[in-house]
Amino acid sequence: MALFRKSREITDFQIGNKVYLRGLIEYSNVCAKDCLYCGIRKSNRKQERYSLTDEEVIACAQYAFEQHYGSIVIQAGERSDHIFTARITAILKEIKKLSQGKLGITLSLGEQTLETYQEWFEAGAHRYLLRIESSDPKLFAKIHPHDKGHSFEHRLKSLHDIRKAGFHLGTGVMIGLPFQTLEQMADDLLFLRALDVDMVGMGPYIEHQDTPLYEASDFLLTRQERLDLAFKMIAILRLMMPDINIAAATALQAIDPMGREKALKYGANIIMPNITPNVFRNQYKLYEDKPCTDESPQECTTCLEARIHMIGSKIGYDEWGDSKHFNAHQKYINN
Ligand code: 5AD
Ligand code: FES
């Protein structure tokens, strides 16, 4: 397809043929929120809950460091109580220490106060992902409860606070949600550009049986159609924002075993191998058919390397692989 060829050409020209790794640590599935699409929502009583111990998180980070991953992502269900935020701060400092500052850290821990974002930034994290999920407030309202904890305006405020705290800003959307129109998806792309984000992670919506949105499954496109739309969104975004980092989301692999690799061919340049200890992987189930829940971190590493080489890309070992866009707009702001 001409679109995919063009986005490949632009990716090669702007950021090269290198893929950067972010070892994904699913720190905890305890969540204070109740998003209607998500398997780890607070009201899903069927879901057993876990949190890694500090030692376990630090061991994951050590593993990523030894494997020359360059960076990690710490992701969890959303909590903003002091016990949680202080623990994260302590863990960040510890990880920075064990890697002599060399391991890059991305956080994906939801909506927090500006003070918490600042505290985490100062403790050593430097990138933050918070998906807007849909840039259309009306669709956002259809897939979230209507209360203060799930407000579109507050999500937007958080995105601005993340940037204010100094982080590289990442956001993203789900593709193929029930009731979502092509026009809304096009608007999502315009939203990402208007916000001038540094990083994007977006993937297909995948239904989860134990969530309220499952009831709207009759309104869904086929999984293959959602996947194809996700590839197109990635390719178009690459044309629109040539120098940002785009992640090949794990949800792509839930539909197609080669979903992430295809996304890398069509313009994504980041992949997040799961390095969560095996016993917990099955419990961090945001959606059905989540891949790699039986594989160990070691198996994932070997498997991913083979897959990336198969598509003819190189891995940027020991590099942060920061978004070039961030540096470009910082220069612009500073001048
Ligand atoms: N299908 C696809 N993606 C999902 N996420 C949560 N639930 C689902 C689902 N059912 C995504 C959201 C969230 C990210 C951590 O996972 O976009 O921001
Ligand atoms: Fe996890 Fe292949 S990427 S087993």
Side-chain angles (χ1 to χ4, degrees), residues 22 24-44 46-47 73-79 106-112 127-136 139-140 142-145 149-150 152 154-156 158-159 162 169-180 184-185 188 191-192 197 199-217 219-223 225-227 229-230 233-234 246-256 259-260 263 270 272 274 276 281 283-291:
R22 317 277 187 240
L24 173 65
I25 306 172
E26 294 158 338
Y27 170 60
S28 167
N29 67 356
V30 177
C31 191
K33 291 233 174 155
D34 233 352
C35 306
L36 304 182
Y37 46 83
C38 184
I40 66 167
R41 64 198 300 271
K42 177 176 70 180
S43 300
N44 183 9
K46 284 196 193 158
Q47 181 61 64
V73 180
I74 303 178
Q75 188 175 77
E78 193 171 306
R79 278 179 62 183
T106 306
L107 296 178
S108 176
L109 301 171
E111 294 175 35
Q112 306 288 345
R127 314 182 190 108
Y128 204 104
L129 302 169
L130 176 66
R131 287 191 180 175
I132 189 77
E133 314 298 359
S134 167
S135 64
D136 182 336
L139 183 55
F140 187 96
K142 281 202 178 116
I143 61 171
H144 293 98
H150 300 84
F152 182 80
H154 194 266
R155 181 71 57 106
L156 273 185
S158 298
L159 288 170
I162 289 166
L169 177 64
T171 189
V173 293
M174 283 183 285
I175 299 159
L177 285 161
F179 322 113
Q180 192 180 26
Q184 283 168 325
M185 292 181 218
D188 284 341
F191 170 88
L192 297 172
V197 290
M199 321 177 288
V200 169
M202 55 185 177
Y205 164 71
I206 299 168
E207 59 277 32
H208 187 302
Q209 232 180 343
D210 302 320
T211 62
L213 204 58
Y214 191 77
E215 281 167 30
S217 296
F219 299 92
L220 288 174
L221 298 171
T222 65
R223 286 193 172 197
E225 286 168 331
R226 282 174 259 162
L227 183 73
L229 274 173
M233 292 275 282
I234 290 172
I246 304 180
T250 311
L252 297 162
Q253 199 186 343
I255 299 184
D256 176 347
R260 290 188 299 180
I270 302 287
M272 299 170 23
N274 195 334
T276 313
R281 283 187 189 203
Q283 296 181 42
Y284 199 84
K285 229 172 154 194
L286 309 179
Y287 43 79
E288 288 167 8
D289 300 324
K290 193 184 153 211

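One-based numbering, in listed order, for ligands and for the atoms of each.
Here's the thing with I206: one of its N/O atoms is less than 3.5 angstrom from an N/O atom of ligand 1. In terms of polar-atom proximity, Y37 is counted as a contact of ligand 1, with an N or O under 3.5 Å from an N or O of the ligand.
Partner of S108 under the side chain to side chain contact (heavy atoms under 4.5 Å, CB included) criterion, chosen from V73, I25, L130, I74: V73.
No side-chain donor-acceptor contact under 3.5 Å links S134 and D136. A side-chain donor-acceptor contact under 3.5 Å links Y284 and Q75.
A salt bridge does not link D210 to K285: none of the charged side-chain nitrogens sits closer than 4.0 Å to a carboxylate oxygen. Between R281 and E26 there is no salt bridge, since no side-chain nitrogen of the basic residue lies less than 4.0 Å from a carboxylate oxygen of the acidic one.
In this structure, H208 does not count as a contact residue of ligand 1, since none of its heavy atoms falls inside 4.0 Å of the ligand. Taking a 4.0 Å cut-off on heavy atoms, E288 fails to register as neighbouring ligand 1.
Proximity of P204 to ligand 1, defined as any heavy-atom pair under 4.0 Å, is confined to the backbone N, CA, C and O atoms. Within the 4.0 Å heavy-atom criterion, the part of E133 lying near ligand 1 is the side chain and not the backbone.
Near L286, meaning under 4.0 Å from any of its heavy atoms, are these atoms of ligand 1: 6 (C), 7 (N), 10 (N), 15 (C), 16 (O). Atoms of ligand 1 found under 4.0 Å from any heavy atom of R131 (numbered from 1 in listed order, with element): 11 (C), 12 (C), 17 (O), 18 (O). Listed by number with element, the atoms of ligand 1 under 4.0 Å from a non-hydrogen atom of Q75 are 15 (C).
The single protein non-hydrogen atom nearest to atom 4 (C) of ligand 1 is M174 SD, 3.5 Å, given as residue, atom name and distance.
Within the 4.5 Å cutoff, the side chain of C31 has no heavy atoms near those of the K42 side chain. In this structure, Q180 and Y205 have side chains that are not in contact, with every pair of non-hydrogen atoms separated by 4.5 Å or more.
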